[in-house]
Amino acid sequence: MVVGVVLAGVMVALGLWQMNVFESQQNNSTQARINQPVITWDKAPTRADVMAQYGRRVRITGTFEPSTATMVGTSWPVRVVEGVRLRSGETIAVVRGKVSEDQNPSSPPTGTVTLTGVLTASESDDADRGPDMPAAVLPSLRLEVLAQTWPQPLVPATLTLDEEDARAQGLAPAEPVLPKGDGGERNRGYALQWWVFAIFTIAMSIAFARAAGKRRD
């Protein structure tokens, strides 16, 4: 039994190590992509090019559309989102920053502005809203929801402002919500495999111990 418990403990540790290695590699890959040179948009690129630039820092020039002001989140603080009309005519959803429950979001700059932030995709699913959250606060930033009321055409991406630009507008910076990298399911499967082995080892140890006890009897 002692041998079985020790082996099972090693297997549990290996499963945790497998998950930690994957998460570390993913975080390093994400940060490396953010650290690449800034891409400047004179106009919004094609949909395929936009998708290829997710996770990169992008610089845009345009004007804020005050009528698009939206707040997004499932609990406080929430993100402050507003559309920016690019010089080429497209509108992109910009996460200006975040505010707490007792804070009113500041007004965006007027006139033409140049902004830099991390480009991200539309968030896929509505998250669970907190019971005390106002109905006007969207649970997640989904472009298909914004498209119902925002000026068209919409860029198929969102932009989360850098800390410098967010603080310049009187807001706390928001973390960009980036999609999980490839390989997540595979690595979770490897970790689960070690944990299944650990359970099997404990079960076999119990079976062997009981059989040895019966032989002694």
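One-based numbering along the sequence shown. Just so it is clear, the structure is predicted and the values come from calculations on it, not from any experiment.
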Name all residues meeting the side chain to side chain donor-acceptor pair (under 3.5 Å) criterion together with [X]; count only those two or more places apart in sequence or in a different chain, and write none if there are none.
{"X": "Asp102", "answer": "Ser100"}
{"X": "Glu163", "answer": "Arg167"}
{"X": "Asp165", "answer": "none"}
{"X": "Glu65", "answer": "none"}

Can you tell me how far the [atom1] atom of [X] sits from the [atom2] atom of [Y], to the nearest 0.5 Å?
{"X": "Thr158", "Y": "Tyr54", "atom1": "OG1", "atom2": "OH", "value": "8.0 Å"}
{"X": "Glu82", "Y": "Ser107", "atom1": "CD", "atom2": "OG", "value": "8.5 Å"}
{"X": "Trp41", "Y": "Leu159", "atom1": "CH2", "atom2": "CG", "value": "7.5 Å"}
{"X": "Asp42", "Y": "Thr61", "atom1": "CG", "atom2": "OG1", "value": "7.5 Å"}
{"X": "Arg56", "Y": "Gln36", "atom1": "CZ", "atom2": "CD", "value": "4.0 Å"}

To which residues is [X] joined in a hydrophobic cluster, defined by side-chain heavy-atom contacts under 4.5 Å among Ile, Leu, Val, Met, Phe, Trp and Tyr, whether direct or through other members?
{"X": "Met1", "value": "Val5, Ile202, Ile206"}
{"X": "Met133", "value": "Met71, Trp76, Val78, Val80, Val99, Val137, Leu171"}
{"X": "Met204", "value": "Phe200, Phe208"}

Flag side-chain contact, heavy atom, 4.5 Å: [X] against [Y]:
{"X": "Val84", "Y": "Thr68", "value": "no"}
{"X": "Thr70", "Y": "Leu141", "value": "no"}
{"X": "Ile60", "Y": "Val94", "value": "yes"}

Do you know the tightest heavy-atom contact between [X] and [Y]?
{"X": "Leu119", "Y": "Ala157", "answer": "CD1-CB, 3.7 Å"}
{"X": "Ala198", "Y": "Val12", "answer": "CB-CG2, 3.9 Å"}
{"X": "Ala166", "Y": "Leu161", "answer": "N-CB, 4.3 Å"}
{"X": "Gln152", "Y": "Ala147", "answer": "NE2-O, 3.0 Å"}
{"X": "Arg79", "Y": "Glu123", "answer": "NH1-OE2, 2.7 Å"}
{"X": "Ala174", "Y": "Val95", "answer": "CB-CG1, 3.9 Å"}

Are Ile39 and Met51 linked, directly or through other ILVMFWY residues, by side chains that come within less than 4.5 angstrom of each other? yes
Can you pull the side-chain hydrogen bond (donor to acceptor under 3.5 Å, both in side chains) pairs that have at least one residue in residues 83-94, sequence neighbours excluded? Arg85-Thr91, Ser88-Glu90
Not counting sequence neighbours, which residues clear salt bridge (charged side-chain N to carboxylate O under 4.0 Å, His left out) with Glu175? List them please. none
How would you list, by chain and number, every residue that makes a side chain to side chain contact (heavy atoms under 4.5 Å, CB included) with [X], sequence neighbours excluded?
{"X": "Val38", "result": "Arg57, Arg59, Thr116"}
{"X": "Phe197", "result": "Met11, Gln193, Trp194"}
{"X": "Pro109", "result": "Phe64, Val113, Gln169"}

Might you work through the side chain to side chain contact (heavy atoms under 4.5 Å, CB included) test for Thr120 and Val177, ending with a clear yes or no? CA-CA 7 Å; Thr120 61; Val177 179; 5.7 Å; no
When you look at CD of Glu144, are more than 12 heavy atoms from neighbouring residues, nucleotides or ligands closer to it than 6.0 Å? yes
